[in-house]
Structures are given as C-alpha cells and as structure tokens.
Amino acid sequence: MDQKKRDRLSELVEELTTSGEPQLNQVKMKEVKKICKLSSDYINHYYHLIMTQLNQDHAEIRLSAFQMATELFSRSHHFRVLLVTNLQEFLELTVETDVEQPLPPPKEVARKLKTHAIQTVQAWQATYGEAYKKLALGYHFLKQVKKVDFQDVEARTLAERKRQEEKRQRLEKIYNEKFEKAKQEMEEMAAEMEESLTQMNSCMALLVPDTFDLFSVEPTVGSERLTFYSGPERDASIWDEQPCCSKDLSRGADGRMTEATKDEEDEDSAVEEDDTDAADKVTFIRNTGLMSHSYRLDLSISTDLKVKETEENEAVLNTMRDLHRLITTRYLPMVQSWIQIFTKVGVEEQLMRQAISLKKALEKALRKHRDLNVDYKKRQRKVIKAGDDDDDDDDFEEVPEKEGYEPHIPEHLRPEYGLDPLPSTSTSVAKSNPSEPLVRAVAPPVASTLTRLKKKLRDEEQDPTSAAATLRILKERLSSAPSTSKPICNVGQDQEEKNDCMGVSKDAAAPTVSRSEQTEEKEKAPIIPFGVDLYYWGEEQPIAGKIIKYTSQHQFWVPHEVEEEVENEDLSAQMKSRHITFAGCFQPVEHKCKALMPNGSLCERQDRVKCPFHGLIIPRDELGRPVNLEDAARLGKEEMKRREEQPDWWDPEFMKEIEAATGEDLGSSKTYGKGKGKKRKHHNLTDLKQTTNTSRLRLEKKVFNKSSMRRIAEVMNKMDKKKHEKFANQFNYALK
Amino acid sequence: MLSFLTARQTGVHDPDRLRRAESTRRALSLELNHDRDVERIHGNGVNSIDIEVIERRYMLSGGSDGVIVIYDLENTSKKSHYTCKAVCTVGRSSHYVHKFSVETVQWYPYDTGMFLSSSFDKTMKVWDTETLKPAEVFQFEGNVYCHHMSPIARKHSLIAVGTTDPKVQLCDLKSGSRIHVLQGHRGEVLSVRWSTRYEHILATAGTDSRVRVWDVRRASGSLFSLDQHNGDESRTSSETVNTAHDGRVNGLCFSHDGLYLISTGTDNRMRLWNSATGQNTLVNYGKVTNESRKGVKFTVSRGCGPELVFVPCGSSVAVYSLHTGELVTMLRGHYNNVDCCEFHPDYQELYSGGKDCNILAWVPVLRQPDIEDEGVGCTRGGARDAVNPAFEDAWSSDED
C-alpha cells in the first residue's frame, strides 16, 4: 500500500465528508474510487475512515459519509463484507435504530439521512439480501422490530400521518369557508359590477362617440391599411372578414368613394364575366375614369385620443373617474381574490368562468379608459362645510384684484387658473372707490354654468388646502399692500391718540409724513410684554419700595414711633426697571457631524456639540476621517471596545455571507478581540452551536447567572428579616 | 487432519484426541451461515433457549410475549440449506400460554415428553410436550426470574426457582409442591444453577451481588458465598465482604465437568470460580458488557481442547477461552441485545436468541479444500461466484 495514496485517500474522505453539501463532489469521489480499486487494503482503510466519520456528531458529516459508503457498497465485495459485518453500528448511526443514540443535529439533514438510509437498505436488500445474511437480518430487524414501513418512508409514524391528515382537513375547511364567502360575495357584487361597467362604457361612449368601434380592436391597429383588389375572387365574405372599422369607414365616412367602388364593383363583375381584353380596359377607363383595376386606399386613424376635461364633459368625467377608481381599488382586487380562491378550492367551471369574464370585462374597461388619455383637471378635495352654500355666498368677501399683478399668467390661460377674465371689474372697483366697503354682494348669476363654476371656485377657496385658497391668499396679500392706506391710517390714528396720552407732541401739519415716520419707528421699536415697569412708566412712585415696619407685635400696646417707613432701594429700583436676560444671539450651527456612515455618505446632523449617533463632533475631512490624530486614536480605541462587546448573535460568517450576497460592507471582515474564538475547522458544515444559542438559553444565562441569583437571595432575605423586625422585641424573634 | 486420522488409526493418540481437535476447530470457526436459518416465530425478544440432552434434536425457546416454541434442529432434507422448523408452539392463542414474558425454559433432563417454563406471570409450568398442556403449575408470590433442574440428579427431582423473593424456592416434581426454601440472599434471585458434578450442590446469584453455593441436604444455610477478593482483608471493605461482583449478579453457569463456576454481573465482569472451594481464579476476561436487569443465559462448550465460554455481550456473542480469559471472537449478527445462547455439543453449533426476535444459528465453517485438490477447489469457487453474482466486484470502467 502506497503511503502517499493512503494519505490522499484520508484527505479526500475528510474533504468530502466535511463539505456540508447535500451531494458528493463527483470529481473527488471518482478519485476515491480510483484509489480504492487498486487494492482491498485501501478499501479497508476507506471503511475505517468512513466509520470514523459516521461516528461524528454532525448529521451533515454522516450524510456525506453514508453517501460515500453507498458508492462503494455497490462496487466492492470486500467493502460489502466489511460493512455487513458491522451493519448494526452502521444502522445505529444512520437509521437511528438505537433509541439512546438519536441522530445528531441539524434536524432536517438528519431526517434526510434517515429516509435516505432506509431506502438504501431496502435497495441493498433487494440486490444483495440473499448473498449477505446479515443484511437480510438487518432488513428484517428494521421491518419487524423497528416497524419501519419501507413503502411509506416519508410519513413514518402513524401519528405523523394522522396529524397531516388533520391539517389537510382543517385547510380544506378553511378553503371551503372562504369559497362560500366568495361565492356569496360574488353573487351580491356581480350585478353592481356589471352596472358600473355599463355606466363606464356609456360614459366613454358619451365622451367619444365611438362609431368606428375603435376600442374594440387591439390598439395596434392604429392605421389600417386596406387594399382592394378588383378581382373575381373577391366577394362579400371578404368584406365581412375585414375588421369592422374598415367596413364602417368605407361605407359611412366616405360614402362617395364607396359608391364609386360599388359601381366599379358591379361594372367590374360585369366586365369580368365577359372576356378580359384591352378593349374592355379602355371601356373601363372610359366609364369610370380610373386608370387601373386595382387601387389602394390608405387610411390612418389616430387612436391616441386626448380627452380634456371641460365644463361640458365635467360631469361625465367625474362619474368616470369615480368608476375608474372604484374598479381599480375595489372591484378588480375583489375579483382577483375570488379567482384565487376558486382555483385553490377547485370549484366548478361555471363560477370560475363567470369570475374570469368579469375580470376580463373590468380589465377591458380599464384599458379603454387608459386609451382615452383623459386629461383630468387637478381635483381639489371638497370639504363639506356646515351651513348652506348660499349663506357662504353672501358672506363671501371678494378682494379686488390689483392691476399689473400676475404678469406671468397669460390672458388666455386665465380661465384655467380659475381667475376672472382680465377686463377687470375688480381693479376698477379698487381704483374708483377704495374707501368703500370691500364687501360686495355677488352679482346675480348670468349663466348657470358660470355660477356653478364660481360656486365651485368659492368652495375650493374655502378649503385652506386647495390651490385656489392659496391663490386667494396671495391675491389678497398683494392687493392689500398698496391699498393698506386705510387700515394703516386707522392704526396710525390710534397710535396718535395714544401718543397724546403719553405726552408726545403731534405734528398736525404734515400728517402723512409723520405717519410714515412713525410707522418706521414703530417697526424699529421692540415689542415687550407688559410689566410693572410699564405700569409705572414715567411716574413718580410714592410708595414704591417703602416698607412699613411694625416694631411691636402687640395688639393694643404700641410703642411710640408708630410707623416707620424704610425705603428699600432694591425694591424701588425693581419697580422701575426690567430684567431682560440676555442669552446671547442665536448662532445657527454651521458644522455637520460628517462621520462616515455605513452607506458611504457622511452624517448630516448638525448638532452643536455631540451627535447622538457618532459622539463628540470633531473636525473631519471630506471622507469622514478625523483630522486630528489624537481624535483618530481615541475613536479607534472606542471602536475596538465596542467590537469586543459584540452580542452573541453576531456571527461573522453569516455576516460575510450576507455581505457576499448584498455587496455591502457590514463590518464582518474586521477582526476583533484577541484571537479569542478559535477558527472553526470546517466552514461548510452547519454550525451546531448556532442552533443551541436560543433566546431561552440567552435568557437563562442572564436570569440564572450567579451574581443576580445572589442579589435576589439577598433581597429575599432582607424581606424575610423585615417581617421579623416587627416582633424584634419579643425574645424568640429577637434571637432569630 | 490427515495426520490426526493416521495417528488415530495406528493408535498413537488416545481416542478422544481427534474428536477434541476437530470439535475445537469447529467451535472456533463459528459464523453466521447462510444455509442455516431458524424460523421466525417469536414476535418479541427471545429470553431463553434450551436444547434437550436425549437426542439433541429439539430446541425449546421462550419469548418475551409468553410464546414457547419447539424447533427441530435436525436437517433430514439432505440439502445444505435448512431452516429449523417449529415443531409445535404454545402461541398466544393457546389457553395455557403464559400471560407475561417467559424467562426460562428447560427440558426435563431425562425425557423430551416434559419441559418446564417460568414466567413473569408468577408461575412456573410443567408442560406435557405431547398435548402442550401444563401438567403442573407452581404459583409464586413474585415474578419468577429463573428456575433450574439438576441435569444429573438421580436421587431427587428438585427444581430450584429464583423469584423476586430473596428466598430460593425448591419445588419437588414428585410431590408437585414447594418443599423447601433456602434463605440467605438479600435481594432478588436472578440466577440458579445446579452443579453438573454433585447433584445436591446448587449455586444461586442475586441482586445483592452475592453468589451462594448450597448443599440442599443441609438445612442450616449456604455452604459458602463466593468472594471476589478471596478473603483478602486489605482489599475488602465492609460492604464488599463476600460479594462476587460489584453489581447485580445475573448469570451463572457450571463448566461441563462441574469443576468451575462462571458468573457474570452488571459490573461488566465475568468471573471464574473454583466450584469446590469457592475461590476466585482471577481470570481476566476483560469487559463483558452486561446491562440486563434480568438473568442472562450463557453457555460453555463441551469437548473442546481449551473450553470456550459463549457469553452475550451487548448485541453480539463473545467467545472466550475459559481458562485463559482470552477473547477468541465476537459473533456479530443480532441487532439488539442478546439474552441467551446455547451450545450444541454434537455439531458444535451455537444458537443465540436476542431482543431482535431472532434466533440465530452459528454454524462452523466447512474446512477449506486442502492443497491436493486445488483444481477442484478452484472450479468450485468459480462455480460459486457464478451462482452468486452479488459477491463480485462491480467497478465501472470509467473509474480507471
């Protein structure tokens, strides 16, 4: 036996069994077989290697080893002899014959191994059972003692089968319930859906008088190319076969042409009946004026319609939009869910067909709607207000518009913006009588549509969220700016009166100038809340800060100097002064945290001192690295510390996998700790410890840890003691 | 072989020598033979088997389901393949069947017309083989672990019975009653054995780790109890005084000549005792796995050069050389614990029964053809291969 080959064999077996793959690597296996074929010594060695691997406490290793054993079992007699002599152990390790030796985790792999092994044993028994007695014995053992059902390997135990059956029944019941519900729902809703479909269709018909029935054909038939051949083979059936639009078109839209064709047709047929000759041709030309028997007619019909919402079609469009929404959000999902349920339950064809046709109809309606390309106006949500609209009309305050404003709105677009046409009554009103009350009754409606529009506009303006309202506000503000004279004047007069009180002389000669100055000053003046100092503003305070001292506390006997007033400087000062805490000016933060974030960008937070996510804000460069060296060192240290405190669930291998899948750096590549966790030997195998790390165990670790137990014990003891303290003066408790 | 034959012919060797040499060879080459099967009757573990001594043809077996089966071991069909057929069965349908597990079965030593069985249903039954009806039923207070009847006794027909009761019961077949109790054990009695040399000598073993040797003529008590340390004071602590094992002692067997007694215990040891003095011979058999809570039936070969002891060891049968303690071989074939084994002294065959419901026959391998008839051997080998393609290798060509 070649030592090198032997080593190679060991190596191969090791590699194959620890691969963790569900299937063996064929290339490696072939090499193994090649080595084993050389001599039975290798097979001996191989056998021992396999048995060692089968004894490992890992189902994946066992599965691979088992697969390798089956590979050689079918080939080598020597291997069969070896394996069959030790079949007990083999079965124990693969089929779980010994109750005390369950198959190791992971569970799914173990289950797979077991079913696989049982099937294999059966196959072996079929081929080699006669020749190897122990194999037959083993098979019988499995069959009779272990009651393995070789026919039904999947659902092994009776209980399992029962459970499955129960589950199936439950599901069926649920499905049935669902089905009943859907059926009922369908019965109720179908009529409603039909109705809305009809409504939608009629809406569309109203919008686009679809005489050509353009939408019934596929939209690809945009431009129809029709070729008429005046040949004998042409007959009426061809007409019928043509798409209806062409027929309608040629008959209705271009009547003259059709007539001509008809004539020609008749003529033609007559001509064809006779002999075809040049002379005939001449007569044909003469008769019809056509140069040829065959001609082509190209028609292009544009189907990309664009329906614009106007006042006329508004109602129709509204209905249609509602219907559209209803269909997309309600009917279509409903029908789809029905169909799903029906397919799951396997219902009779009738219902299914009905549901499908319904769905098709709905979809068709939607498609048509899309083809219409309806250009809806921006719809504002209407807020229903309490109170009648007519009352609103009366209260409505129309602000005169300012001339020259909104230069960017061209005149012809004004109606679209919901503005009044430019011949501006409003401006004239504003100009002619600025002092008149601005409240103006709405003019009586000239045309019903106009009133409706206006009403709608008003409604919209009532809604603060609508664009119209904003517009209105805008208008008001702009118009008020030049024409504030009156209200401001009022305010100014008030101010003057006040000023009179305060003893400020009023310049009556130039009121306008002074007013404007005043306003300027007023704007400069700070606004402060009312206080005691203002109360006593400019007054001499006779009593402020004086305290009357009562030296005697007696009721009747009063000393000689009855009242002594003491002037308290502080207090009097307080009366006249005001404390304003100066907190400094607000300085907006201009720096950013700029720490590098996992997604590659920099932290945008603008905290003053400390970022809640990245700690103290330190100067960083464009890449997020600290500028100062000591900062960098400190951060590095903190990082290390944090890494060491990684929670248990943090599995670098798993993270690496995720990284490989997503291509994002989650930080698994960084090594941390001091080489504490030794490297796992086989990376491909499922980590068994992973599975033991359950939430329960983690909790246990916390709850049953020694220090916490001690702490709790102490607390409990203390509570116990307290109970006794009550009776501490009694000797038996005092002694404790 | 030829030299043995010539020596026997010329009278150089004494008559026993050839026989012994051949039977030893055969006993050493036991293996599971494809040609020999035992019919599967038991639907549960086989607890006890016994081969009768008159013809050595019929085998009795008792199963955990209370079924008792009698097999015919004789192959009269003149074919190499033979399945031992069940001659008769006391099945579950029988009115007289034991309710619970049959622990011990034994033929009446002088006649095949009668056999005994004891069971966990607290009874021991004496059966008439012809009618398969119990001739006598002994009722006990506790489960019966074992019983034994002296194979050589001519002056008495006593049956020793070990039950959950520490007292060993003696039943007399003559009177059909329990005539005597032997007091001395402090635990359940798991195994009882009559000496194969002196008809009044009885050895009993129990859960109190003791093996006691009795002379049933003596009323006062046991003759002695076996001590694993041979009375060595320095190694004897107070608890282990006079104990044969450190755990339960659940198997006893006298050698064929009755000079030695072998015991097994749950301390996974087997010990060989001088039955006359009760001395531990200190033969080291190594570890003999034994976790049984009940009695274990094992057996010793007969007429072999070095005597062999066949003892159940987990799911296999271990073969030891009796006096040297050397492990000769392990007979692997059962898929669960083996409970009992019985040696057929005429054909050097071994029958073993285990919890996997099988009774396996271990048959000596035929002597290989000698060098002289090499050609014949080759053709026979070739023929055999041709007959059974399963023995051929099947390497596919693409593995080259």
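Keep in mind that what you see is a predicted model, and the values were worked out from it rather than measured.
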Would the distance check show the side chain of [X] and the main-chain N or O of [Y] forming a donor-acceptor pair, the cut-off being under 3.5 Å?
X         : Y         : result
Gln88(A)  : Asn336(B) : no
Lys133(A) : Arg36(B)  : yes
Lys134(A) : Leu32(B)  : no

More than 12 heavy atoms of other residues, nucleotides or ligands under 6.0 Å from CZ of Arg293(B): yes or no?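 Count not over threshold, so no.
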Has Glu291(B) got more than 12 heavy atoms of other residues, nucleotides or ligands less than 6.0 Å from its CD?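 Not buried by this count: 12 neighbours or fewer within 6.0 Å.
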Restricting to non-hydrogen atoms, name the atom on Leu91(A) and the atom on Tyr335(B) that form the minimum distance, rounded to 0.1 Å.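 Reported closest heavy-atom pair: CD1-CE2, 3.7 Å.
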Measuring from [X]:[atom1] to [Y]:[atom2], what's the distance to the nearest 0.5 Å?
X         : Y         : atom1 : atom2 : value
Arg332(B) : Thr85(A)  : CZ    : OG1   : 8.0 Å
Ser315(B) : Glu89(A)  : OG    : CD    : 9.5 Å
Cys357(B) : Leu137(A) : SG    : CG    : 11.5 Å

Which portion of Asn358(B) sits near chain A, non-hydrogen atoms under 4.5 angstrom: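 Interface part for Asn358(B): side chain.
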With a 4.5 angstrom heavy-atom cut-off, which part of Asn44(B) approaches chain A: side chain, backbone, both or neither?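 Neither part; nothing is under 4.5 Å.
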